[in-house]
Amino acid sequence: MPLSWNEIKTRAVAFSKEWEDETSEDAEAKSFYDGFFNVFGISRRRVASFEYSVRKADNKQGFVDLLWKGTILIEHKSRGKDLDKAFKQATDYFPGLKDSELPKYILVSDFQRFRLFDLDAGTEHEFPLSELVQNVQLFSFIAGYQKRTFKEEDPVNIAAAELMGELHDQLKEIGYTGHNLELYLVRLLFCLFADDTGIFEKGIFQEYLTNRTSPDGSDVAHHLATLFQVLNTPHTARLKNLDENLNAFPYVNGKLFAELIPTAGFDSAMRETLLKCCGLDWGQISPAIFGSLFQSVMNPKERRNLGAHYTSEKNILKVIKPLFLDELRQEFQAVRKDRNKLQAFHTKLAKLLFLDPACGCGNFLVIIYRELRLLELEVIQELLKGSQGLQQVTSVNDYVKVNVDQCYGIEVEEFPAQIAQVAMWLIDHQMNMRISEAFGEYYVRLPLVRSANITHGNALRIDWKSLSDSFDFIVGNPPFIGSKMMTQEQRDEIKGLFAGNDGAGVLDYVTGWYALASRYIQSRATRAAFVSTNSIAQGEQVGILWKTLLNDYGIIINFAHRTFKWSNEARGVAAVYCVIIGFGKGEISEKRLFEYETVTSEPHEIAVRNINPYLIEGSNIIIQSRSISISDIPKIKFGNQPIDGGYLLFSDEEKDELLNKEPKAEKFIRRFVGSYEFINNVNRWCLWLNNAKPEEIRALPKVREILEQVKQFRLSSNRKVTRDLALTPSLFAFISHTESTYIIIPSVSSERRRYIPIGFMPPNVIASNLCLIIPDASLYHFGILTSEMHMTWVRYVCGRLKSDYRYSNSIVYNNFPFPEDLTEKQREAVEKAAQNVLDARAQFPDSSLADLYDPLTMPPALAKAHRELDKAVDQCYRPQPFPGEAKRIEFLFERYEKLTAGMFAEGKKKGKRSEVKG
């Protein structure tokens with residue numbers, strides 16, 4: 001085990017005095033470095049070779065003075081020689097070294113001077129022998145200590161995961177699969193990490209594989225099986241004649257090596273892959289990141305996007321800081337000068353319990369535990385102030401109270417659950433190394449007696465109270481599975497949790513975690529926070545989910561991050577648009593709302609009185625689906641749906657081909673417009689036979705062929721309603737078209753646009769079901785709908801497809817509070833400004849609406865026309881201007897609340913909470 005820093009410094013002083021007057025002979029150089037490595041408690045002869053033969057770039061034979069493969073290369077010179085030349089000579093050896101042998105450090109010396117190069121960090125330190133004692137921590141990698149900062153996309157994490165993926169494939173190819181393979185890899189992961197971080201004596205795992213196994217790999221599996229058994233056996237129970245190299249490994253326990261699994265098989269290529277893994281510096285691996293990367297290598301599809309699946313530390317902190325970490329740090333600052341209160345605070349930290357009921361590979365739990373341990377270290381340092389510092393500590397164990405068994409997790413897949421268990425041991429050890437550095441005493445928790453409580457199972461089918469009825473915080477990132485993507489089993493789980501709620505079928509899978517957390521919270525002051533798809537705070541899900549949480553469980557939202565892009569900037573990462581919602585049962589003094597200018601911006605925080613289910617400041621209003629508008633406006637409809645297998649629809653080329661063969665069909669060809677075609681000015685056509693006479697159709701043989709294809713398509717459907725439509729193959733399945741001008745609204749539009757492109761369509765154009773239409777609407781209605789006022793409502797209320805707006809009739813349009821009690825002058829002002837918008841568009845006949853409404857290409861004339869329209873519409877609501885979007889939406893929700901007062905009986909029954917209005 002690594003020496004304490006106090007012991008290392010004592011040895012460094014003695015070493016410096018011993019060699020301060022020596023000169024340079026080869027024999028003396030070997031003795032010099034034997035003594036140098038001994039300063040750090042390491043046998044040089046065991047880890048590093050003198051005069052290591054290597055072929056240089058010029059193909060000449062060279063000899064490295066001293067090489068510890070994969071760690072450090074040392075070039076030694078006589079006293080007073082040029083150390084710059086020594087460094088160049090050292091780097092000249094690199095072409096002749098294998099990748100796994102390349103060092104991370106170069107040390108050049110002439111007995112009296114040391115110059116150390118950290119090749120990863122790009123740093124250089126030079127000092128005389130007499131100052132070695134002040135610089136011993138530069139050589140912490142020799143002693144077994146690691147002090148690292150982890151990057152979210154650090155190449156070493158990717159490289160390690162890719163190598164483990166290669167080994168996984170090799171083992172799987174020989175028939176070593178399933179649970180045995182997964183556990184085998186997890187054990188190897190632990191050994192690799194332990195070898196570089198002081199759990200094992202530094203480098204003994206790599207040395208054992210290198211020196212004790214055959215190059216052909218035939219005995220590697222046997223040696224590993226023996227080693228796993230040794231790691232599970234206390235020293236007192238080991239054979240007295242056990243190989244001393246094996247006996248040097250510690251007793252690990254923790255049940256990681258307890259299960260007997262079949263022996264694997266290795267060949268030379270597999271042995272080489274494992275040695276390459278050993279060649280990486282696992283001290284640089286972040287347990288918070290590597291777990292998910294490690295899991296992803298098991299899936300070839302995920303491996304192509306390696307790095308896309310872990311939850312970045314930055315995003316995890318967005319959850320845990322407002323949930324509990326900020327509060328704990330504030331409390332620490334308040335009590336740090338009062339010893340009794342500080343000791344009570346320390347005890348409190350050691351009693352906190354955390355549950356991640358969708359823990360995956362443990363990303364959240366790792367960061368939570370790390371932050372708790374770092375806070376505890378500050379507490380200990382504060383407690384020891386005034387008692388002659390940390391040097392007076394007799395045993396580190398007397399002070400460290402926080403432990404991994406305060407963390408609980410539930411994970412549905414076995415392999416990630418195993419990784420999470422190991423990841424928690426690894427972060428525990430890293431934090432123990434932090435303690436060791438601070439106290440100057442080596443501190444390790446071996447054998448592993450306590451461990452994180454990771455349960456393998458389905459969180460939606462487990463009673464969380466069976467794990468503990470004392471969780472202080474529930475936190476995590478449940479699966480991002482939309483209602484339409486769920487399996488039948490998942491759908492049944494959600495319906496069961498929301499039994500009695502007719503709309504439960506549209507809820508996303510994550511809502512199950514909200515329901516169970518809300519139930520758990522009823523019996524104690526637990527607080528929770530989940531990362532979720534933003535759909536649970538938009539559209540129809542709000543009325544179903546939050547009505548239950550607010551009314552039935554009395555849930556209060558304590559903090560929230562509005563929609564942002566959940567990603568880690570890893571290569572191949574898929575964009576997911578998320579919210580974070582922190583909630584509990586009791587009121588808190590200050591609620592925190594984090595807003596984003598764009599989905600990729602940094603958040604800015606505002607203190608608010610109340611956060612409603614749409615994640616804005618305001619009362620707990622819920623916008624529910626309705627079939628009739630709350631305002632006196634024309635009815636909105638879906639467009640026309642063919643359900644035809646595509647046979648009734650045509651591109652320009654297909655239309656021309658049909659008319660060349662059947663010119664008389666031209667009177668039945670209409671332009672057909674969906675969201676895409678409308679916004680991008682793309683031509684598409686349909687066969688519209690709504691008013692065609694039977695004899696007209698009989699006279700068109702090509703048309704009749706098309707109708708036969710439509711009929712057969714509909715007859716082949718599994719749905720009875722579609723098969724019934726085969727009786728009328730000449731008609732669209734759903735027809736809403738009337739022979740009049742109408743407003744067309746795309747059902748999906750990019751969130752990049754400030755305004756949804758809305759327009760008028762003439763009677764001869766057929767709108768598809770991917771649009772909404774408002775027949776007989778006026779210029780005034782167009783003006784209101786294309787205004788900033790309406791767009792603010794859309795941004796907060798509508799559902800989303802990714803981050804794009806998904807306009808709906810029942811949620812957005814029918815609930816929008818149109819202006820009331822208008823004067824003729826106000827209406828005319830809106831109509832005039834609306835016409836100016838249409839006129840500005842008409843100035844660019846060759847531009848599509850996509851061109852005109854792109855924020856980077858929107859013409860100034862159109863932008864100006866919209867600003868004038870916005871002003872005219874605002875004046876219809878109130879004479880004072882709105883200072884920003886927040887005030888607009890607050891105003892609109894107040895108007896909605898006023899217009900709908902008395903419309904609903906829900907929430908007003910005896911014994912129910914009544915503040916939630918729909």
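Nothing fancy with the numbering, it's 1 onward along the sequence.
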Stepwise ring pair (Phe, Tyr, Trp, His ring centres under 6.0 Å) check, Y514 with F583
CA-CA 9 Å; Y514 279 83; F583 58 98; 5.2 Å; yes
Mark yes or no for whether [X], through its side chain, and [Y], through its backbone, hold a donor-acceptor pair below 3.5 Å.
X    : Y    : result
T455 : G457 : no
D508 : V510 : no
S631 : F818 : yes
E371 : L325 : no
R370 : M431 : no
D428 : M424 : no
Q522 : Y553 : yes
W793 : L892 : no
Q406 : N403 : yes
T511 : L507 : no

Say you draw a straight line from [atom1] of [X] to [atom2] of [Y]; how long is it, rounded to the nearest 0.5 Å?
X    : Y    : atom1 : atom2 : value
H604 : I606 : NE2   : CD1   : 6.0 Å
L899 : I630 : CG    : CD1   : 5.0 Å
L550 : I621 : CG    : CD1   : 12.0 Å
I536 : I544 : CD1   : CD1   : 12.5 Å
E414 : H179 : CD    : NE2   : 5.0 Å
L377 : L372 : CG    : CG    : 12.0 Å

May I ask you to decide whether [X] forms a salt bridge with [Y], counting only side-chain N to carboxylate O separations under 4.0 Å?
X    : Y    : value
R373 : E378 : no
E602 : K314 : yes
E617 : R609 : yes
E890 : K887 : yes
D326 : R592 : yes

Where do K591 and I556 land on the side chain to side chain contact (heavy atoms under 4.5 Å, CB included) test, with the steps shown first?
CA-CA 10 Å; K591 297 181 175 70; I556 295 170; 3.6 Å; yes
Non-hydrogen atoms of [X] and [Y] that approach each other most closely:
X    : Y    : value
N453 : D405 : ND2-O, 3.0 Å
N610 : G618 : ND2-O, 2.7 Å
L516 : A459 : CD1-O, 3.4 Å
S451 : W425 : CB-NE1, 3.5 Å
A423 : C361 : CB-O, 4.0 Å
L497 : G512 : CD1-CA, 3.6 Å

With a 4.5 Å limit on heavy-atom distance, are the side chains of [X] and [Y] in contact?
X    : Y    : value
T792 : R795 : yes
V797 : F816 : no
I410 : C359 : no
L545 : V542 : no
I581 : F530 : no
S468 : L355 : no
L365 : I454 : yes
Q343 : K341 : no

Should the ring pair [X] and [Y] be called parallel, tilted or perpendicular, given that the plane angle runs from 0 to 90° and is split at 30 and 60?
X    : Y    : answer
F893 : Y614 : tilted
Y807 : H790 : tilted
F471 : Y408 : perpendicular

Between [Y] and [X], do the side chains contain a donor N or O and an acceptor N or O under 3.5 Å apart?
X    : Y    : result
R626 : N815 : yes
T526 : R524 : yes
S749 : R753 : yes
Y509 : E493 : yes
N809 : N814 : no
E411 : H456 : no
Q333 : R336 : yes

Check the pair Q488 / R491 against side chain to side chain contact (heavy atoms under 4.5 Å, CB included), numbers first and verdict last.
CA-CA 5 Å; Q488 188 58 50; R491 193 169 285 108; 3.8 Å; yes
Determine, stepwise, if the pair F345 / V379 fulfils side chain to side chain contact (heavy atoms under 4.5 Å, CB included).
CA-CA 9 Å; F345 177 70; V379 171; 3.8 Å; yes
Picking from L460, N458, I481, what satisfies side-chain contact (heavy atoms from CB on, under 4.5 Å) with Q490?
I481
Given C578 and F480, is the side chain to side chain contact (heavy atoms under 4.5 Å, CB included) satisfied, shown in steps?
CA-CA 9 Å; C578 296; F480 293 160; 3.4 Å; yes
Close aromatic pair by centroid cut-off 6.0 Å: F594 and Y596
no
Looking at F324 versus F354, is the centre-to-centre ring distance below 6.0 Å?
yes
Evaluate whether atom [atom1] of [X] has more than 12 neighbouring non-hydrogen atoms of other residues, nucleotides or ligands under 6.0 angstrom away.
X    : atom1 : answer
Y877 : OH    : yes
E597 : CD    : no
K321 : NZ    : no

Quick check with a 6.0 Å cut-off and a 45 degree axis cone: is K318 positioned over the face of F559's six-membered ring?
no
